[in-house]
Amino acid sequence: MIHFYHVHQSYQRNILALKDISFDCLRGEFVFLTGASGAGKTTLLKLIIREEIPLQGQILVNGQNVSSIPVNKIPRLRRAIGVVFQDFKLIRGKTVFENVTFVLKTLGIDLKERRKRAYHVLKQVGLQHKTNAYPLELSGGEQQRVAVARAIVNDPVLLLADEPTGNLDPDMAVEIMNLFSKINRRGTTVLVATHDREMIRRMGKRVITLDKGQLIHDTGSQMQIEET
Ligand SMILES: Nc1ncnc2c1ncn2[C@@H]1O[C@H](COP(=O)(O)OP(=O)(O)OP(=O)(O)O)[C@@H](O)[C@H]1O
Ligand SMILES: [Mg+2]
């Protein structure tokens, strides 16, 4: 599902944000990405969705070489990927319902179906009663849960989350992780960047550790079958 081969990334000359990163993440895996602040977690996620292009190396996502896909194919790549950003990126002028179903609307899915899907995902994150609220009327944790609902509403093949539980109380954090786990069991590949060691330990999934841009540890794939 995700293939990194000797990937380097840099924002400033002579300073590498990622150094020679190679790993494979199979379809259906659940992987944590961890490491200190500045280690390169967000950079790695940005490369997967082609928000950035690597300085060097190859990245395949869902069978596509993300550096070389034409610009007009980028929306299609991103539609297959659900993303929960570190800063949520909710649209202030739109309600929770509109934020969650924005992509569905662009795909031409009718209002009745959009309502049905929004209700379903908002219920999963415990926010069905906030459907008509605006982001600024919500707490940080609620906004984060809206971002999670939006990321899963279109049944993505890959779910990326950047510190998705940073603003949540411990119980809600566990619930969101359990929701990710449930989505993963239904077949979605999940990659979660987090500092939360306790959460990582509790979940018992594969862990990739970055340190100053280098991949220093990978507990390895837990999948029994090779990807075909
Ligand atoms: N847009 C940018 N311009 C310049 N440098 C950047 C930019 N984005 C990230 N960096 C640098 O790249 C390195 C990796 O940053 P990145 O955001 O990937 O870290 P991170 O592991 O996500 O950290 P955090 O846990 O704090 O979110 C850091 O040294 C950071 O300062
Ligand atoms: Mg980050």
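Order of listing sets the numbers, starting from 1, for every ligand and every atom in it. Side chains are part of it too, since the values below use all heavy atoms of this structure and drop only hydrogens, waters and symmetry mates.
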Which atom pair, heavy atoms only, marks the closest approach of [X] to [Y]?
| X | Y | answer |
| --- | --- | --- |
| Q143 | L138 | NE2-O, 3.2 Å |
| I48 | V66 | O-CG1, 3.8 Å |
| I91 | P135 | O-CG, 3.4 Å |
| L210 | G40 | CD1-C, 3.6 Å |
| Y134 | R92 | CD2-O, 3.6 Å |

Please check whether [X] reaches ligand 1 - meaning an N/O of the residue sits under 3.5 Å from an N/O of the ligand, judged on distance alone.
| X | result |
| --- | --- |
| G40 | yes |
| T43 | yes |
| S37 | yes |

Does atom 7 (C) of ligand 1 have a protein heavy-atom neighbour under 4.0 Å away? yes
Considering all protein heavy atoms, does one lie under 4.0 Å from atom 31 (O) of ligand 1?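 Answer no: nothing from the protein, no heavy atom, is under 4.0 Å.
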Any heavy atom of G35 closer to ligand 1 than 4.0 angstrom?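 Flag not set, G35 not near ligand 1.
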Strictly under 4.0 Å, does any heavy atom of H195 approach an atom of ligand 1? yes
Do D218 and R206 sit within salt-bridge range, that is, some charged N less than 4.0 Å from a carboxylate O?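 Here D218 pairs with R206 in a salt bridge, since their nearest N and O are under 4.0 Å apart.
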Would you say E52 and T43 are linked by a side-chain donor-acceptor pair, where the criterion is simply a distance under 3.5 Å? no
Please could you name the atoms of ligand 1 that [X] approaches to less than 4.0 Å, counting only its heavy atoms?
| X | result |
| --- | --- |
| A17 | 12 (O), 13 (C) |
| Q86 | 27 (O) |
| T42 | 17 (O), 18 (O), 20 (P), 22 (O), 27 (O) |

Is there an N/O/S atom in T43 that lies less than 2.8 Å from the Mg ion (ligand 2)? no
Can you tell me the protein heavy atom closest to [atom] and the distance?
| atom | value |
| --- | --- |
| atom 14 (C) of ligand 1 | G38 O, 3.3 Å |
| atom 25 (O) of ligand 1 | K41 NZ, 2.7 Å |
| atom 11 (C) of ligand 1 | Y11 CD1, 3.7 Å |

Counting only heavy atoms not in F23, do more than 12 sit closer than 6.0 Å to its CZ atom?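 Atom CZ in F23 is crowded, with more than 12 foreign heavy atoms closer than 6.0 Å.
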List the atom pairs, donor and acceptor, that lie under 3.5 Å between side-chain atoms in residues 72-84 and the rest of the protein, sequence neighbours left out.
| residue | atom | partner | partner atom | Å |
| --- | --- | --- | --- | --- |
| R78 | NE | I49 | O | 2.8 |
| R78 | NH2 | I49 | O | 3.2 |
| R78 | NH2 | R50 | O | 3.0 |

